[in-house]
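First comes the structure, then the notes that go with it.
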2 protein chains.
Amino acid sequence: MTTLVGPGWSANAGDETTPPTAIRGSGLALWRQIAGDIERAIADGTLAPGARLPTEAEFARRYAVNRHTVRRAMEELARDGQVRVEQGRGSFVAEDVLDYEVSARTRFSEWIRRHDREPSGRVLSLATMPAPRAIAEALGIETGGAMVRLERLGLADGRPVSLAQHHFAIARFPGIAAALTAHGTISAALASLGVADYFRRVTRVSARAPRPEEAALLETSRSRPLLVTENVNVDAEGRVVEFGLSRYPTPRVQIIFEPGSETT
Amino acid sequence: MTTLVGPGWSANAGDETTPPTAIRGSGLALWRQIAGDIERAIADGTLAPGARLPTEAEFARRYAVNRHTVRRAMEELARDGQVRVEQGRGSFVAEDVLDYEVSARTRFSEWIRRHDREPSGRVLSLATMPAPRAIAEALGIETGGAMVRLERLGLADGRPVSLAQHHFAIARFPGIAAALTAHGTISAALASLGVADYFRRVTRVSARAPRPEEAALLETSRSRPLLVTENVNVDAEGRVVEFGLSRYPTPRVQIIFEPGSETT
DNA sequence: TCGAATTTGTGCGTATGTATT
DNA sequence: AAATACATACGCACAAATTCG
């Protein structure tokens with residue numbers, strides 16, 4: 001069957017030489033032919049993950065079928081998880097989700113590389129400020145005590161996947177601001193201050209709607225929630241090194257936890 | 001200072017005998033007096049967790065100050081995490097969050113009891129249906145194979161905290177539907193079928209906006225995302241017992257991971 | 001789906017008291 | 001004593017988010 005081809009499945013808008021018609025009475029239901037068509041386009045990459053599908057009305061016009069027939073096909077694909085249908089927005093090819101496996105030793109670049117993507121990052125700000133109560137408690141200092149906050153956007157293959165704030169107590173690391181400026185990574189900065197290694201102790205996960213700035217930085221819609229994690233990193237002796245607050249765009253990023261075994 | 005008292009801090013609307021006025025020129029800034037006032041009311045329980053505070057305009061009227069002055073006080077309290085301010089909705093006393101600690105052995109009632117609340121539940125539906133692809137894969141059966149879905153609303157002290165779907169393969173447990181009907185809990189039903197114990201293997205966490213029905217059941221706003229977890233439970237031999245999909249209302253429920261140690 | 005009402009968020013300008021230089 | 005800086009407080013207007021009919 002000649003199908004819908006070209007950039008974004010919209011090239012042959014005026015192309016009437018190869019009508020993308022489903023064959024009636026072929027023994028295969030029209031909606032199955034259409035579903036198969038789209039499925040093939042997804043499989044062979046004609047339709048990239050995250051790409052927007054033509055509207056149901058558009059499909060109906062192209063295949064010269066009723067919209068109900070198209071819907072039947074979309075239902076099937078949605079049930080299979082191949083497309084995602086969103087009322088009022090449109091239909092989209094299911095995106096690859098980037099699994100964020102929480103473990104004791106989690107580093108941003110290692111995480112991204114494990115998924116065969118290229119990690120990069122952009123420092124948004126580095127500032128010294130008094131610690132709000134919640135952060136001060138996590139860092140083990142007094143409320144209002146001086147801390148450094150590093151805000152960083154993490155990217156995988158150039159697409160933003162995390163927006164993180166890292167907090168360090170000045171009392172614990174007087175030279176942290178300079179070290180973070182001098183070194184490219186947090187690990188390196190901490191290493192220069194004598195912290196050879198550090199581990200994740202607790203991770204709290206919640207979710208909330210993004211603020212406009214967050215949505216813009218993470219290139220996500222304001223209507224999609226962010227996964228928000230808070231975590232405490234400690235050194236080998238169990239002393240608190242850092243308090244981190246990270247935001248991840250759903251559904252692009254998912255968090256995975258695999259308990260060792262009997263943890264309770 | 002005579003302050004705002006009475007039920008919900010709104011009793012003395014017409015009470016002019018004890019004007020809740022902040023003292024000017026007392027050496028303590030007005031906004032600090034107001035912040036302290038509210039802080040005390042929260043500490044002594046006059047303002048319960050989750051309770052709505054009077055509006056900024058109302059505070060300004062009662063204290064006979066400008067709204068900016070009230071806002072300054074609220075800022076301080078919000079920074080401290082004592083109140084939660086939401087544009088367009090109002091301000092609220094910070095709520096106790098129910099921490100859901102993910103571990104290998106997690107049972108609903110144990111979770112709730114550990115937080116000194118009374119667990120209860122309501123079965124919403126119990127049905128046999130063909131397994132969609134994603135669930136079939138998790139259960140290790142063919143797509144379309146028969147499965148039982150139990151949908152259940154979990155409550156803590158009568159407030160909904162989880163909405164869970166539990167899926168069991170009929171091929172593995174032919175008598176599961178009857179067993180679930182006969183026994184009050186999933187553990188008991190599985191025990192009657194020879195599964196003495198089971199463990200959580202993986203947990204995936206994401207977030208999305210609630211559907212209207214979910215929002216209603218969980219008594220949450222449609223504008224607040226749900227935390228969504230998917231998990232696979234296995235028996236002592238590692239065979240898949242159940243695939244679960246749970247939804248938790250934010251920010252009432254938070255998920256906590258504490259990796260044992262080097263899990264990477 | 002839309003608009004009105006409610007509530008918080010932000011910006012501007014102004015004034016005043018207090019502490020520092 | 002004068003100049004300056006800073007914190008506090010007020011008034012007004014409008015923006016943005018939420019809720020509800």
Side-chain angles (χ1 to χ4, degrees), chain A residues 55-57 86-90 125 128-130 132 143-144 146 206-218 220-226 228 247, chain B residues 1 3-4 8-10 13 19-39 41-42 47 49-95 207-226 249-252:
Chain A
T55 65
E56 291 176 355
E86 295 183 35
Q87 187 174 1
R89 289 185 18 104
S125 69
T128 302
M129 58 181 74
T143 300
S206 190
R208 60 171 172 76
R211 287 182 263 276
E213 192 186 301
E214 293 170 328
L217 286 167
L218 289 169
T220 187
S221 153
R222 291 215 59 190
S223 63
R224 305 210 185 179
L226 302 179
V228 181
R247 290 145 287 178
Chain B
M1 168 166 41
T3 71
L4 307 161
W9 277 42
S10 57
T21 325
I23 300 160
R24 287 162 195 273
S26 68
L28 194 58
L30 289 178
W31 69 266
R32 288 187 196 278
Q33 299 182 45
I34 296 171
D37 240 31
I38 301 174
E39 189 169 9
I42 292 173
L47 283 169
R52 179 179 187 160
L53 293 175
T55 66
E56 294 175 354
E58 174 65 14
F59 268 133
R61 196 187 60 73
R62 291 198 203 171
Y63 281 101
V65 298
N66 190 274
R67 190 163 74 95
H68 281 303
T69 308
V70 174
R71 283 183 60 73
R72 183 87 190 256
M74 298 297 281
E75 249 174 58
E76 180 78 357
L77 295 168
R79 206 186 68 103
D80 258 28
Q82 307 206 54
V83 307
R84 179 170 38 85
V85 182
E86 295 183 38
Q87 185 173 358
R89 287 177 35 93
S91 301
F92 306 83
V93 179
E95 269 187 275
R208 60 171 172 77
R211 288 183 263 276
E213 190 187 303
E214 293 170 327
L217 285 167
L218 288 169
E219 292 174 16
T220 187
S221 154
R222 289 212 61 190
S223 64
R224 300 194 187 204
L226 301 180
T250 58
R252 288 216 299 278

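Note that the structure is predicted; figures quoted are calculated from it, not measured. The sequence lines fix the lettering, A, B, ..., with proteins before strands; numbering per chain opens at 1.
- Taking atom CZ of residue B:F59 and atom C1' of nucleotide C:dT7, one finds them 14 Å apart after rounding to whole Å.
- Remark: B:N66 is in phosphate contact with D:dG11, judged by side-chain N or O atoms under 4.0 Å from OP1 or OP2.
- B:Q33 is not listed as a side-chain neighbour of B:D37, based on a closest heavy-atom distance of 4.5 Å or more.
- Judged as a salt bridge (charged side-chain N to carboxylate O under 4.0 Å, His left out), and not counting sequence neighbours, the contacts of B:E95 are B:R84.
- Atom-to-atom, CD of B:E56 to P of C:dG9 comes out at 6 Å; the value is rounded to the nearest Å.
- Figure legend. D:dT4 is base-paired to C:dA19; pairs are counted as Watson-Crick or G-U wobble with both atom distances under 3.5 Å.
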Protein N or O to nucleotides 17-21 of chain D N or O, pairs below 3.5 Å:
{"unit_1": "D:dA17", "atom_1": "OP1", "unit_2": "A:R222", "atom_2": "NH1", "d": "2.6"}
{"unit_1": "D:dT19", "atom_1": "OP1", "unit_2": "B:R89", "atom_2": "NH1", "d": "2.3"}

**OP:** Kindly indicate, with the supporting measurements, whether the criterion salt bridge (charged side-chain N to carboxylate O under 4.0 Å, His left out) is fulfilled by B:E58 and B:R62.
**Re:** CA-CA 6 Å; B:E58 174 65 14; B:R62 291 198 203 171; 2.8 Å; yes

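- A salt bridge links A:R208 with A:E214; the closest basic N to acidic carboxylate O contact falls under 4.0 Å.
- Put simply, B:S91 has no side-chain N or O that comes within less than 4.0 Å of OP1 or OP2 on C:dT7.
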Anything under 3.5 Å between a protein N or O and an N or O of nucleotides 10-16 of chain C, put it in a table, one pair a line.
{"unit_1": "C:dG11", "atom_1": "O6", "unit_2": "B:H68", "atom_2": "NE2", "d": "2.8"}

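- In this structure, B:R61 places its CZ atom 18 Å from C1' of D:dC10, rounding to the nearest Å.
- Taking OG1 of B:T55 as the reference point, atom CZ of B:R61 lies at 9.0 Å (rounded to 0.5 Å).
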